[in-house]
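Structure record follows, encoded as structure tokens.
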Amino acid sequence: MGLFESDNIRIIGLTGQSGAGKSTVSRIFAGEGFPTIDADEISHKVSLCKDFVSEVSKLFPDCVSLCGLDRQKLAGIVFCNGEKLKAYTDVIFPYILREVFRQIEVYRRAGESLVLLDAPTLFESGLDDICSSIVSVTAPLELKIQRVLERDGIPVEMVKSRLGSQKSDELFTSKSQYVIVNDSDIDSLREKTTYVINELRRLYADDCD
């Protein structure tokens, strides 16, 4: 049960590994009228926050300069080392959570009943606890690697390290009420996503009245 159900607002968590197609699914939800909170977008904004950068500089001084935080250099470090990744997420998650809750409150005051929370680290951050339902996007490993290579233009070794540092598809599947397997084309993905959207609307129809 999601934390906000007593306020007549349901948070739908959307998550999945890099390259699975989560962002595309998020855009389909948004196109169907779902208000969306993008945790990845929030993390980018946080990386510009002076207080946050100051905290990170104490842990990873080589990743901070007068120009700010070097996200790519930092990624190359934390995604290859579990302890360093945890140290980094311990710093950034409180910033992300504060902004997520602020945006939820804005939507609650606006009378929204269903809100999509697009969060790649939904489980790691504990944000799954506030979700009424969770949707995970999965895809074959080869496709995920190919998509990240095309999207980010980083070495394949870095892609594999990034995926290896993330939760497995098996965990996403076991902790989700809905799983969208993105193993074909965009039309297939849209059809699968639309089905899930309709199921969610039926499930929470009373909240939308």
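Just so it is clear, the model here is predicted, and its values are computed rather than measured. Numbering starts at 1 and runs along the sequence shown.
- With hydrogens and angles disregarded, no donor-acceptor distance shorter than 3.5 Å links the side chain of N182 to the backbone of L189.
- Note on V179: it does not cluster hydrophobically with L117, by side-chain heavy-atom contacts below 4.5 Å among ILVMFWY residues.
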Test side-chain contact (heavy atoms from CB on, under 4.5 Å) applied to S18 and V148, step by step = CA-CA 7 Å; S18 296; V148 177; 4.0 Å; yes
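- Between L127 and L97, the closest side-chain pair of non-hydrogen atoms falls below 4.5 Å.
- Taken together through direct or relayed side-chain contacts under 4.5 Å among Ile, Leu, Val, Met, Phe, Trp and Tyr, V181 and Y195 form parts of separate hydrophobic clusters.
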- Query: Can you check side-chain contact (heavy atoms from CB on, under 4.5 Å) on L116 and I11, steps first, answer last?
  - Reply: CA-CA 6 Å; L116 185 74; I11 309 301; over 6 Å; no
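- With respect to K144 and D169, a salt bridge is recorded, a charged nitrogen being found less than 4.0 Å from a carboxylate O.
- Remark: the backbone N or O of V56 is not paired with any side-chain donor or acceptor of Y88 at under 3.5 angstrom.
- Salt-bridge formation is not detected for the pair K45/E99: no Lys NZ or Arg NE/NH1/NH2 atom is positioned less than 4.0 Å from an Asp or Glu carboxylate oxygen.
- For the side-chain contact (heavy atoms from CB on, under 4.5 Å) with F34, the qualifying choice from I28, I197, V115 is I197, the only one to do so.
- Both I186 and L14 belong to a common hydrophobic cluster when Ile, Leu, Val, Met, Phe, Trp and Tyr are linked at side-chain heavy-atom distances under 4.5 angstrom.
- A 6.0 Å sphere centred on CD of Q72 holds no more than 12 heavy atoms belonging to other residues, nucleotides or ligands.
- In this structure, the side chains of I134 and F123 come closer than 4.5 Å at one or more pairs of heavy atoms.
- The nearest pair of heavy atoms linking Q17 to S168 is NE2-CA, 4.2 Å.
- Nearest heavy-atom pair, I12 versus L200, reported as atom, atom and distance to 0.1 Å: CG2-CD1, 3.8 Å.
- Residues D70 and S65 have side chains not in contact (no heavy-atom distance under 4.5 Å, counting atoms from C-beta outward).
- No continuous path of ILVMFWY side-chain contacts below 4.5 Å connects F79 to I145, so the two sit in separate hydrophobic clusters.
- A cation-pi arrangement is absent between R98 and F101, since the terminal nitrogen or guanidinium carbon is not both under 6.0 Å from the aromatic centre and inside a 45° cone about the axis.
- Within a 6.0 Å sphere centred on CZ of R147, other residues, nucleotides and ligands contribute more than 12 heavy atoms.
- With E112 contributing its side chain and Y107 its backbone, the two residues share no donor-acceptor pair below 3.5 Å.
- Judged purely by atom type and a 3.5 angstrom limit, T89 uses its side chain to pair as donor or acceptor with the backbone of K86.
- Using a 4.5 Å cut-off on side-chain heavy atoms (C-beta onward), K84 and F60 make contact.
- A 6.0 Å sphere centred on CD of E191 holds no more than 12 heavy atoms belonging to other residues, nucleotides or ligands.
- Considering all non-hydrogen atoms of both residues, L85 and V78 come closest at CB-O, 3.3 Å.
- For the pair Y178 and S136, the minimum side-chain heavy-atom distance is 4.5 Å or more.
- Under 4.0 Å is where a charged nitrogen must lie from a carboxylate oxygen, and between E105 and R102 no such pair does.
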- Query: Stepwise, does the side-chain contact (heavy atoms from CB on, under 4.5 Å) test hold for E124 with K167?
  - Reply: CA-CA 9 Å; E124 296 90 333; K167 300 295 185 185; 3.3 Å; yes
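- Side-chain atoms of Y204 and S113, non-hydrogen and from C-beta on, never get closer than 4.5 Å to each other.
- Annotation: side chain of I77 is not in contact with side chain of N81 (no heavy-atom distance under 4.5 Å).
- Remark: the backbone N or O of F172 is paired with a side-chain donor or acceptor of S176 at under 3.5 angstrom.
- When each of D38, D40, D118 is checked for a salt bridge (charged side-chain N to carboxylate O under 4.0 Å, His left out) with K22, only D118 meets the rule.
- Of the charged side-chain nitrogens involved, none lies within less than 4.0 Å of a carboxylate oxygen, so that E157 and K160 do not count as a salt-bridged pair.
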